[in-house]
There are 2 protein chains.
Amino acid sequence: MDEFKTAVLALIESDESELNQLVSFCKTKNFKKNEVLSQPGKVPQEVFFIVKGILRVVVTDAKGVDHTIHFASENQFVADYSSFMLQQPGMYTLQALEPMEVVSMSRQAIDWGYQFMRQGDKFGRKVAEFYFLYQDNRVKNYYSRSPLERYELMETIFPQIHQRVPQHMIASYLGITPVHLSRLRKEH
Amino acid sequence: MDEFKTAVLALIESDESELNQLVSFCKTKNFKKNEVLSQPGKVPQEVFFIVKGILRVVVTDAKGVDHTIHFASENQFVADYSSFMLQQPGMYTLQALEPMEVVSMSRQAIDWGYQFMRQGDKFGRKVAEFYFLYQDNRVKNYYSRSPLERYELMETIFPQIHQRVPQHMIASYLGITPVHLSRLRKEH
DNA sequence: CTAAAGTCTAAACAAATGTTATCGTGCTGA
DNA sequence: TCAGCACGATAACATTTGTTTAGACTTTAG
(Lines give C-alpha, C1' and ligand atoms only; values in the text may rest on other atoms or scores of the structure.)
Protein backbone atom coordinates (compact mmCIF):
# COMPACT_ATOMS: atom_id res chain seq x y z
CA MET A 1 0.00 0.00 0.00
CA ASP A 2 3.01 2.30 0.18
CA GLU A 3 2.77 3.38 -3.43
CA PHE A 4 -0.89 4.16 -2.87
CA LYS A 5 -0.22 6.32 0.18
CA THR A 6 2.53 8.13 -1.67
CA ALA A 7 0.18 8.87 -4.56
CA VAL A 8 -2.43 10.29 -2.19
CA LEU A 9 0.18 12.45 -0.46
CA ALA A 10 1.30 13.76 -3.84
CA LEU A 11 -2.16 15.30 -4.24
CA ILE A 12 -3.14 16.40 -0.74
CA GLU A 13 -1.86 16.79 2.80
CA SER A 14 -2.83 14.05 5.21
CA ASP A 15 -1.39 12.05 8.12
CA GLU A 16 -0.81 8.46 9.15
CA SER A 17 -4.07 8.16 11.06
CA GLU A 18 -6.23 9.40 8.17
CA LEU A 19 -4.35 7.34 5.62
CA ASN A 20 -4.61 4.18 7.68
CA GLN A 21 -8.34 4.62 8.02
CA LEU A 22 -8.63 5.17 4.30
CA VAL A 23 -6.54 2.10 3.61
CA SER A 24 -8.76 0.04 5.90
CA PHE A 25 -11.52 0.49 3.31
CA CYS A 26 -9.18 -0.59 0.52
CA LYS A 27 -7.98 -3.96 -0.65
CA THR A 28 -5.07 -5.23 -2.73
CA LYS A 29 -6.15 -7.33 -5.69
CA ASN A 30 -4.27 -9.29 -8.33
CA PHE A 31 -5.33 -10.04 -11.87
CA LYS A 32 -3.89 -12.29 -14.55
CA LYS A 33 -3.20 -11.19 -18.08
CA ASN A 34 -6.46 -10.73 -20.01
CA GLU A 35 -8.57 -10.87 -16.88
CA VAL A 36 -11.38 -8.35 -16.52
CA LEU A 37 -11.40 -5.85 -13.64
CA SER A 38 -14.72 -4.21 -14.42
CA GLN A 39 -17.42 -5.03 -16.90
CA PRO A 40 -20.31 -3.18 -18.51
CA GLY A 41 -23.79 -3.60 -17.09
CA LYS A 42 -22.74 -3.73 -13.45
CA VAL A 43 -22.65 -0.55 -11.34
CA PRO A 44 -18.95 -0.02 -10.61
CA GLN A 45 -18.22 -0.13 -6.90
CA GLU A 46 -14.52 0.62 -6.88
CA VAL A 47 -11.78 2.86 -8.20
CA PHE A 48 -8.45 1.20 -8.90
CA PHE A 49 -4.97 2.43 -8.21
CA ILE A 50 -2.40 0.55 -10.28
CA VAL A 51 0.66 -0.67 -8.38
CA LYS A 52 2.00 -2.89 -11.16
CA GLY A 53 0.89 -3.69 -14.71
CA ILE A 54 -1.07 -2.07 -17.50
CA LEU A 55 -4.69 -2.28 -18.59
CA ARG A 56 -6.94 -0.98 -21.30
CA VAL A 57 -10.44 0.49 -21.17
CA VAL A 58 -12.76 -0.82 -23.86
CA VAL A 59 -16.14 0.30 -25.12
CA THR A 60 -18.24 -2.10 -27.17
CA ASP A 61 -20.46 -0.49 -29.82
CA ALA A 62 -23.94 -1.49 -30.94
CA LYS A 63 -22.52 -3.90 -33.50
CA GLY A 64 -20.44 -5.67 -30.88
CA VAL A 65 -17.13 -4.18 -32.02
CA ASP A 66 -14.60 -3.34 -29.31
CA HIS A 67 -12.81 0.01 -29.18
CA THR A 68 -9.83 0.68 -26.94
CA ILE A 69 -10.37 4.14 -25.52
CA HIS A 70 -7.71 4.36 -22.84
CA PHE A 71 -4.61 2.81 -21.31
CA ALA A 72 -3.53 3.06 -17.68
CA SER A 73 -0.42 1.83 -15.91
CA GLU A 74 1.63 2.19 -12.74
CA ASN A 75 0.68 4.91 -10.24
CA GLN A 76 -2.55 5.91 -11.94
CA PHE A 77 -6.12 5.91 -10.73
CA VAL A 78 -8.55 4.31 -13.13
CA ALA A 79 -12.19 3.25 -13.17
CA ASP A 80 -15.36 3.39 -15.19
CA TYR A 81 -15.49 6.71 -13.41
CA SER A 82 -18.55 8.32 -15.01
CA SER A 83 -20.69 5.33 -14.14
CA PHE A 84 -19.10 5.12 -10.71
CA MET A 85 -20.02 8.75 -10.01
CA LEU A 86 -23.54 8.49 -11.38
CA GLN A 87 -24.04 5.05 -9.81
CA GLN A 88 -25.25 3.79 -13.15
CA PRO A 89 -24.49 0.50 -14.90
CA GLY A 90 -20.98 0.56 -16.30
CA MET A 91 -20.21 1.20 -19.96
CA TYR A 92 -16.61 0.06 -20.13
CA THR A 93 -14.58 -3.10 -19.83
CA LEU A 94 -11.31 -2.80 -17.91
CA GLN A 95 -8.99 -5.54 -19.07
CA ALA A 96 -5.53 -6.40 -17.75
CA LEU A 97 -2.88 -6.54 -20.47
CA GLU A 98 -0.24 -7.88 -18.09
CA PRO A 99 -0.37 -9.56 -14.70
CA MET A 100 -1.53 -6.76 -12.42
CA GLU A 101 -1.44 -5.66 -8.82
CA VAL A 102 -3.94 -2.95 -7.91
CA VAL A 103 -5.37 -1.24 -4.85
CA SER A 104 -9.14 -1.26 -4.94
CA MET A 105 -10.75 1.80 -3.35
CA SER A 106 -14.31 0.84 -2.54
CA ARG A 107 -17.18 3.30 -2.77
CA GLN A 108 -17.17 3.25 1.00
CA ALA A 109 -13.55 4.38 1.02
CA ILE A 110 -14.27 7.28 -1.31
CA ASP A 111 -17.44 8.40 0.45
CA TRP A 112 -15.62 8.23 3.76
CA GLY A 113 -12.75 10.25 2.31
CA TYR A 114 -15.03 13.01 1.00
CA GLN A 115 -16.83 13.20 4.31
CA PHE A 116 -14.06 12.85 6.86
CA MET A 117 -10.63 13.49 5.37
CA ARG A 118 -9.53 17.07 5.86
CA GLN A 119 -8.75 17.46 2.17
CA GLY A 120 -11.09 14.80 0.84
CA ASP A 121 -12.80 17.07 -1.64
CA LYS A 122 -9.47 18.44 -2.72
CA PHE A 123 -8.36 14.88 -3.48
CA GLY A 124 -11.46 14.37 -5.60
CA ARG A 125 -10.88 17.70 -7.28
CA LYS A 126 -7.27 16.83 -8.12
CA VAL A 127 -8.18 13.45 -9.61
CA ALA A 128 -11.04 14.94 -11.63
CA GLU A 129 -8.80 17.78 -12.78
CA PHE A 130 -6.09 15.34 -13.83
CA TYR A 131 -8.51 13.43 -16.00
CA PHE A 132 -9.99 16.62 -17.35
CA LEU A 133 -6.51 17.73 -18.43
CA TYR A 134 -5.93 14.38 -20.07
CA GLN A 135 -9.25 14.40 -21.93
CA ASP A 136 -8.93 18.03 -22.93
CA ASN A 137 -5.49 17.45 -24.35
CA ARG A 138 -6.74 14.43 -26.19
CA VAL A 139 -9.67 16.28 -27.73
CA LYS A 140 -7.37 19.12 -28.75
CA ASN A 141 -4.99 16.69 -30.44
CA TYR A 142 -7.84 14.92 -32.18
CA TYR A 143 -8.87 18.15 -33.86
CA SER A 144 -5.49 19.58 -34.64
CA ARG A 145 -3.27 16.57 -35.50
CA SER A 146 -3.23 13.87 -38.15
CA PRO A 147 -3.50 10.19 -37.19
CA LEU A 148 0.23 9.74 -37.79
CA GLU A 149 1.08 12.71 -35.55
CA ARG A 150 -1.24 11.33 -32.88
CA TYR A 151 0.51 7.97 -33.19
CA GLU A 152 3.86 9.62 -32.62
CA LEU A 153 2.50 11.47 -29.59
CA MET A 154 1.44 8.26 -27.89
CA GLU A 155 4.86 7.49 -26.52
CA THR A 156 4.83 10.78 -24.62
CA ILE A 157 1.30 10.27 -23.33
CA PHE A 158 1.80 6.59 -22.43
CA PRO A 159 5.50 5.93 -21.90
CA GLN A 160 6.64 2.46 -23.01
CA ILE A 161 3.31 1.83 -24.70
CA HIS A 162 4.92 0.33 -27.79
CA GLN A 163 6.82 -2.18 -25.72
CA ARG A 164 3.84 -3.21 -23.65
CA VAL A 165 0.79 -3.19 -25.91
CA PRO A 166 0.06 -4.79 -29.29
CA GLN A 167 -0.09 -2.40 -32.20
CA HIS A 168 -3.68 -3.19 -33.12
CA MET A 169 -4.85 -1.86 -29.75
CA ILE A 170 -2.96 1.34 -30.38
CA ALA A 171 -4.66 1.58 -33.78
CA SER A 172 -8.00 1.13 -32.05
CA TYR A 173 -7.12 3.90 -29.59
CA LEU A 174 -6.26 6.16 -32.52
CA GLY A 175 -9.60 5.40 -34.14
CA ILE A 176 -8.10 3.74 -37.22
CA THR A 177 -7.76 0.15 -38.44
CA PRO A 178 -4.61 -1.91 -37.77
CA VAL A 179 -4.07 -2.17 -41.52
CA HIS A 180 -4.16 1.57 -41.88
CA LEU A 181 -1.74 2.14 -39.01
CA SER A 182 0.68 -0.34 -40.55
CA ARG A 183 0.48 1.63 -43.79
CA LEU A 184 1.08 4.97 -42.09
CA ARG A 185 4.11 3.60 -40.25
CA LYS A 186 5.58 2.34 -43.49
CA GLU A 187 5.21 5.72 -45.20
CA HIS A 188 7.14 7.16 -42.25
CA MET B 1 -25.48 37.94 -10.40
CA ASP B 2 -28.54 36.00 -9.20
CA GLU B 3 -28.16 33.29 -11.83
CA PHE B 4 -24.53 32.92 -10.83
CA LYS B 5 -25.33 32.53 -7.12
CA THR B 6 -28.03 30.01 -7.94
CA ALA B 7 -25.59 28.00 -10.03
CA VAL B 8 -23.07 27.92 -7.17
CA LEU B 9 -25.76 26.86 -4.70
CA ALA B 10 -26.77 24.06 -7.05
CA LEU B 11 -23.32 22.54 -6.54
CA ILE B 12 -22.47 23.31 -2.91
CA GLU B 13 -23.87 24.68 0.32
CA SER B 14 -22.96 28.27 1.10
CA ASP B 15 -24.49 31.41 2.62
CA GLU B 16 -25.09 35.05 1.75
CA SER B 17 -21.90 36.25 3.38
CA GLU B 18 -19.64 33.79 1.55
CA LEU B 19 -21.41 34.32 -1.74
CA ASN B 20 -21.20 38.09 -1.48
CA GLN B 21 -17.49 37.92 -0.84
CA LEU B 22 -17.06 35.61 -3.81
CA VAL B 23 -19.10 37.93 -5.98
CA SER B 24 -16.94 40.87 -4.90
CA PHE B 25 -14.10 39.24 -6.83
CA CYS B 26 -16.31 38.80 -9.89
CA LYS B 27 -17.46 41.16 -12.60
CA THR B 28 -20.27 41.21 -15.14
CA LYS B 29 -19.06 41.61 -18.71
CA ASN B 30 -20.82 42.00 -22.04
CA PHE B 31 -19.63 40.93 -25.45
CA LYS B 32 -20.95 41.58 -28.93
CA LYS B 33 -21.52 38.87 -31.49
CA ASN B 34 -18.19 37.55 -32.84
CA GLU B 35 -16.21 39.24 -30.09
CA VAL B 36 -13.43 37.23 -28.46
CA LEU B 37 -13.55 36.46 -24.72
CA SER B 38 -10.22 34.67 -24.50
CA GLN B 39 -7.42 34.19 -26.96
CA PRO B 40 -4.50 31.81 -27.36
CA GLY B 41 -1.06 32.91 -26.19
CA LYS B 42 -2.24 34.83 -23.13
CA VAL B 43 -2.44 33.07 -19.77
CA PRO B 44 -6.17 32.93 -18.99
CA GLN B 45 -7.03 34.87 -15.84
CA GLU B 46 -10.74 34.17 -15.56
CA VAL B 47 -13.45 31.55 -15.72
CA PHE B 48 -16.73 32.63 -17.25
CA PHE B 49 -20.25 31.86 -16.17
CA ILE B 50 -22.73 32.45 -18.99
CA VAL B 51 -25.82 34.42 -18.03
CA LYS B 52 -27.06 34.98 -21.59
CA GLY B 53 -25.83 33.96 -25.02
CA ILE B 54 -23.80 31.18 -26.59
CA LEU B 55 -20.14 30.86 -27.50
CA ARG B 56 -17.80 28.43 -29.16
CA VAL B 57 -14.32 27.24 -28.22
CA VAL B 58 -11.89 27.08 -31.12
CA VAL B 59 -8.48 25.51 -31.56
CA THR B 60 -6.31 26.62 -34.47
CA ASP B 61 -4.01 23.94 -35.92
CA ALA B 62 -0.47 24.29 -37.29
CA LYS B 63 -1.82 25.14 -40.74
CA GLY B 64 -3.96 27.94 -39.39
CA VAL B 65 -7.23 26.05 -39.76
CA ASP B 66 -9.86 26.62 -37.06
CA HIS B 67 -11.68 23.75 -35.38
CA THR B 68 -14.73 24.23 -33.16
CA ILE B 69 -14.28 21.92 -30.22
CA HIS B 70 -17.02 23.03 -27.86
CA PHE B 71 -20.14 25.11 -27.39
CA ALA B 72 -21.36 26.65 -24.15
CA SER B 73 -24.52 28.57 -23.32
CA GLU B 74 -26.67 29.79 -20.44
CA ASN B 75 -25.85 28.67 -16.90
CA GLN B 76 -22.58 26.99 -17.79
CA PHE B 77 -19.05 27.60 -16.62
CA VAL B 78 -16.52 27.84 -19.40
CA ALA B 79 -12.87 28.78 -19.85
CA ASP B 80 -9.63 27.69 -21.42
CA TYR B 81 -9.61 25.65 -18.25
CA SER B 82 -6.51 23.50 -18.76
CA SER B 83 -4.36 26.55 -19.38
CA PHE B 84 -6.07 28.40 -16.54
CA MET B 85 -5.20 25.59 -14.13
CA LEU B 86 -1.64 25.18 -15.32
CA GLN B 87 -1.14 28.95 -15.62
CA GLN B 88 0.19 28.43 -19.10
CA PRO B 89 -0.48 30.42 -22.27
CA GLY B 90 -3.95 29.66 -23.58
CA MET B 91 -4.59 27.30 -26.48
CA TYR B 92 -8.19 28.17 -27.31
CA THR B 93 -10.19 31.05 -28.67
CA LEU B 94 -13.51 31.70 -26.95
CA GLN B 95 -15.76 33.50 -29.39
CA ALA B 96 -19.26 34.87 -28.78
CA LEU B 97 -21.81 33.63 -31.31
CA GLU B 98 -24.51 35.95 -29.98
CA PRO B 99 -24.49 39.08 -27.85
CA MET B 100 -23.44 37.77 -24.45
CA GLU B 101 -23.68 38.57 -20.79
CA VAL B 102 -21.24 36.68 -18.57
CA VAL B 103 -19.94 36.70 -15.03
CA SER B 104 -16.16 36.72 -14.99
CA MET B 105 -14.64 34.85 -12.03
CA SER B 106 -11.10 36.12 -11.67
CA ARG B 107 -8.24 33.88 -10.60
CA GLN B 108 -8.39 35.78 -7.31
CA ALA B 109 -12.03 34.76 -6.88
CA ILE B 110 -11.26 31.09 -7.45
CA ASP B 111 -8.16 31.00 -5.27
CA TRP B 112 -10.09 32.75 -2.53
CA GLY B 113 -12.93 30.25 -2.90
CA TYR B 114 -10.63 27.24 -2.62
CA GLN B 115 -8.96 28.70 0.43
CA PHE B 116 -11.81 30.20 2.37
CA MET B 117 -15.19 28.89 1.26
CA ARG B 118 -16.33 25.99 3.39
CA GLN B 119 -16.98 23.84 0.34
CA GLY B 120 -14.57 25.53 -2.03
CA ASP B 121 -12.78 22.36 -3.06
CA LYS B 122 -16.08 20.60 -3.46
CA PHE B 123 -17.13 23.34 -5.87
CA GLY B 124 -13.95 22.79 -7.87
CA ARG B 125 -14.51 19.05 -7.73
CA LYS B 126 -18.07 19.37 -9.01
CA VAL B 127 -17.09 21.59 -11.92
CA ALA B 128 -14.17 19.33 -12.86
CA GLU B 129 -16.40 16.26 -12.54
CA PHE B 130 -19.06 17.84 -14.73
CA TYR B 131 -16.55 18.47 -17.49
CA PHE B 132 -15.04 15.04 -17.04
CA LEU B 133 -18.50 13.50 -17.53
CA TYR B 134 -19.00 15.61 -20.64
CA GLN B 135 -15.62 14.72 -22.13
CA ASP B 136 -15.92 11.06 -21.25
CA ASN B 137 -19.31 10.82 -22.87
CA ARG B 138 -17.97 12.58 -25.90
CA VAL B 139 -15.01 10.23 -26.25
CA LYS B 140 -17.30 7.23 -25.84
CA ASN B 141 -19.61 8.51 -28.57
CA TYR B 142 -16.70 9.24 -30.86
CA TYR B 143 -15.63 5.60 -30.74
CA SER B 144 -19.01 3.94 -30.80
CA ARG B 145 -21.16 6.12 -33.08
CA SER B 146 -21.11 7.20 -36.72
CA PRO B 147 -20.83 10.88 -37.65
CA LEU B 148 -24.54 10.95 -38.52
CA GLU B 149 -25.49 9.46 -35.16
CA ARG B 150 -23.26 11.97 -33.43
CA TYR B 151 -24.95 14.75 -35.39
CA GLU B 152 -28.33 13.56 -34.21
CA LEU B 153 -27.09 13.43 -30.61
CA MET B 154 -26.03 17.07 -30.66
CA GLU B 155 -29.50 18.39 -29.95
CA THR B 156 -29.55 16.43 -26.69
CA ILE B 157 -26.05 17.55 -25.70
CA PHE B 158 -26.55 21.19 -26.73
CA PRO B 159 -30.27 22.00 -26.72
CA GLN B 160 -31.35 24.47 -29.40
CA ILE B 161 -27.95 24.23 -31.08
CA HIS B 162 -29.44 24.01 -34.56
CA GLN B 163 -31.40 27.20 -34.06
CA ARG B 164 -28.46 29.13 -32.65
CA VAL B 165 -25.34 28.02 -34.53
CA PRO B 166 -24.49 27.75 -38.24
CA GLN B 167 -24.27 24.24 -39.58
CA HIS B 168 -20.65 24.52 -40.65
CA MET B 169 -19.59 25.03 -37.03
CA ILE B 170 -21.49 21.91 -36.06
CA ALA B 171 -19.69 20.04 -38.84
CA SER B 172 -16.41 21.32 -37.46
CA TYR B 173 -17.38 20.11 -33.99
CA LEU B 174 -18.16 16.69 -35.46
CA GLY B 175 -14.77 16.61 -37.14
CA ILE B 176 -16.16 16.54 -40.68
CA THR B 177 -16.43 19.09 -43.50
CA PRO B 178 -19.59 21.16 -44.01
CA VAL B 179 -19.98 19.57 -47.46
CA HIS B 180 -19.92 16.13 -45.95
CA LEU B 181 -22.44 16.99 -43.24
CA SER B 182 -24.76 18.39 -45.88
CA ARG B 183 -24.48 15.08 -47.75
CA LEU B 184 -25.18 12.99 -44.65
CA ARG B 185 -28.27 15.05 -43.85
CA LYS B 186 -29.58 14.56 -47.36
CA GLU B 187 -29.17 10.77 -47.18
CA HIS B 188 -31.25 10.93 -43.99
C1' DC C 1 -31.71 50.21 -49.78
C1' DT C 2 -28.12 47.76 -51.71
C1' DA C 3 -23.60 45.65 -52.17
C1' DA C 4 -20.86 42.42 -49.91
C1' DA C 5 -20.32 38.66 -47.13
C1' DG C 6 -22.02 34.49 -45.16
C1' DT C 7 -24.56 30.14 -45.59
C1' DC C 8 -26.18 25.83 -47.52
C1' DT C 9 -26.62 22.55 -51.36
C1' DA C 10 -24.88 20.19 -55.21
C1' DA C 11 -21.81 17.78 -58.46
C1' DA C 12 -17.38 15.96 -60.10
C1' DC C 13 -13.29 14.46 -58.91
C1' DA C 14 -9.29 13.28 -55.61
C1' DA C 15 -7.47 11.45 -51.47
C1' DA C 16 -7.83 8.97 -47.29
C1' DT C 17 -9.33 5.13 -44.95
C1' DG C 18 -11.75 0.62 -44.51
C1' DT C 19 -12.38 -4.42 -45.91
C1' DT C 20 -10.95 -8.75 -47.00
C1' DA C 21 -7.65 -12.05 -47.83
C1' DT C 22 -3.03 -14.04 -47.66
C1' DC C 23 1.44 -14.93 -45.75
C1' DG C 24 5.30 -15.42 -42.49
C1' DT C 25 6.71 -15.24 -37.82
C1' DG C 26 6.85 -16.08 -33.05
C1' DC C 27 4.49 -17.29 -29.01
C1' DT C 28 1.85 -20.41 -26.10
C1' DG C 29 -0.83 -23.72 -23.90
C1' DA C 30 -2.36 -28.56 -23.71
C1' DT D 1 6.85 -30.27 -28.24
C1' DC D 2 4.10 -28.83 -31.72
C1' DA D 3 -0.39 -27.36 -33.47
C1' DG D 4 -2.96 -23.58 -33.16
C1' DC D 5 -3.34 -18.83 -32.54
C1' DA D 6 -2.11 -13.98 -32.20
C1' DC D 7 0.33 -10.55 -34.52
C1' DG D 8 1.96 -7.59 -38.12
C1' DA D 9 2.88 -6.64 -43.11
C1' DT D 10 1.11 -6.39 -47.63
C1' DA D 11 -1.88 -6.14 -51.76
C1' DA D 12 -6.25 -5.42 -54.26
C1' DC D 13 -10.34 -3.52 -54.06
C1' DA D 14 -14.45 -0.88 -51.94
C1' DT D 15 -16.24 2.86 -49.41
C1' DT D 16 -16.05 7.03 -47.04
C1' DT D 17 -14.65 11.52 -46.69
C1' DG D 18 -12.27 15.69 -48.47
C1' DT D 19 -11.55 19.40 -52.16
C1' DT D 20 -12.90 22.53 -55.38
C1' DT D 21 -16.16 25.06 -57.73
C1' DA D 22 -20.58 27.02 -58.65
C1' DG D 23 -25.16 28.78 -57.73
C1' DA D 24 -29.18 30.27 -54.96
C1' DC D 25 -30.61 32.25 -50.96
C1' DT D 26 -30.17 35.00 -46.55
C1' DT D 27 -28.09 38.13 -43.48
C1' DT D 28 -25.39 42.11 -42.49
C1' DA D 29 -23.21 46.56 -42.66
C1' DG D 30 -22.78 50.99 -44.47
Side-chain angles (χ1 to χ4, degrees), chain A residues 31-36 54-56 58 60-68 71 93 95-99 141-152 154-155 160-188, chain B residues 31-36 53-56 58 60-68 71 93 95-100 141-152 154-155 160-188:
Chain A
F31 294 91
K32 297 177 198 160
K33 181 172 178 177
N34 292 327
E35 241 187 312
V36 163
I54 187 168
L55 60 76
R56 64 170 179 159
V58 174
T60 306
D61 69 21
K63 291 173 186 159
V65 179
D66 281 352
H67 307 267
T68 299
F71 299 102
T93 304
Q95 181 191 33
L97 300 180
E98 293 175 357
N141 284 330
Y142 166 70
Y143 283 95
S144 59
R145 312 239 183 213
S146 71
L148 184 57
E149 288 174 315
R150 298 206 307 273
Y151 172 76
E152 285 162 352
M154 288 211 56
E155 189 72 28
Q160 300 296 313
I161 192 76
H162 297 102
Q163 284 69 51
R164 298 179 82 174
V165 166
Q167 191 171 299
H168 66 89
M169 291 182 189
I170 296 178
S172 177
Y173 178 85
L174 293 172
I176 63 181
T177 59
V179 176
H180 188 49
L181 177 55
S182 176
R183 250 188 318 228
L184 293 176
R185 275 161 49 90
K186 188 186 174 189
E187 298 162 7
H188 283 197
Chain B
F31 294 91
K32 297 176 197 162
K33 182 172 176 174
N34 292 327
E35 241 186 311
V36 162
I54 187 168
L55 61 76
R56 64 170 179 159
V58 173
T60 306
D61 69 23
K63 292 174 185 158
V65 178
D66 281 351
H67 305 267
T68 299
F71 299 102
T93 305
Q95 181 192 34
L97 300 180
E98 293 175 357
M100 296 195 73
N141 283 330
Y142 166 69
Y143 283 95
S144 58
R145 310 234 184 221
S146 71
L148 184 57
E149 287 174 317
R150 299 206 305 273
Y151 172 76
E152 284 163 351
M154 288 213 54
E155 188 72 30
Q160 299 295 313
I161 193 77
H162 296 101
Q163 283 71 53
R164 298 179 83 173
V165 166
Q167 192 170 299
H168 66 89
M169 292 182 188
I170 295 178
S172 176
Y173 178 85
L174 293 172
I176 62 181
T177 59
V179 176
H180 187 51
L181 178 54
S182 177
R183 251 189 313 229
L184 293 176
R185 277 161 48 89
K186 189 188 174 189
E187 299 161 8
H188 281 198

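Every heavy atom of this structure was used, including side-chain atoms; hydrogens, water molecules and symmetry mates were not. Naming: A, B, ... by sequence-line order, numbering from 1 per chain.
Across all strands shown, Arg185(A) has heavy atoms under 4.0 Å from sugar-phosphate atoms exclusively, and none from any base.
If you take CD of Gln167(B) and P of dC8(C), they are 5 Å apart, rounded to a whole angstrom. The distance from atom CG of Leu181(A) to atom P of dT19(C) is 15 Å, rounded to the nearest whole Å. For Glu187(B) and dA10(C), the CD to P distance is 11 Å, given to the nearest whole Å. The interatomic distance linking Lys63(A) (NZ) with dT19(C) (P) rounds to 9 Å, in whole Å.
Comparing Lys33(B) and Leu184(B) along DNA chain D, the residue whose closest nucleotide (by nearest heavy atom) sits nearer the 5' end is Leu184(B).
Shortest non-hydrogen contact noted between Leu181(A) and Gln167(A) is CD2-CG, 3.7 Å. Nearest heavy-atom pair across Asp61(A) and His67(A) is OD2-NE2, 2.9 Å. The two residues Glu155(A) and Ile161(A) come nearest to each other via the heavy atoms OE1-CG2, 3.9 Å.
Within residues 168-177 of chain B, the residues that have a heavy atom under 4.0 Å from DNA chain D are, in order of number, Gly175(B), Ile176(B), Thr177(B).
First and last contacting nucleotides of DNA chain D toward chain A (any atom under 4.0 angstrom from a heavy atom, 5' to 3' order): dC7(D) to dA12(D).
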Taking distance alone, no hydrogens or angles, what donor-acceptor pairs closer than 3.5 Å link side-chain atoms of residues 168-176 of chain A to residues at least two apart or in another chain?
| from | atom 1 | to | atom 2 | distance (Å) |
| --- | --- | --- | --- | --- |
| Ser172(A) | OG | Thr68(A) | N | 2.8 |
| Tyr173(A) | OH | Tyr134(A) | OH | 3.1 |

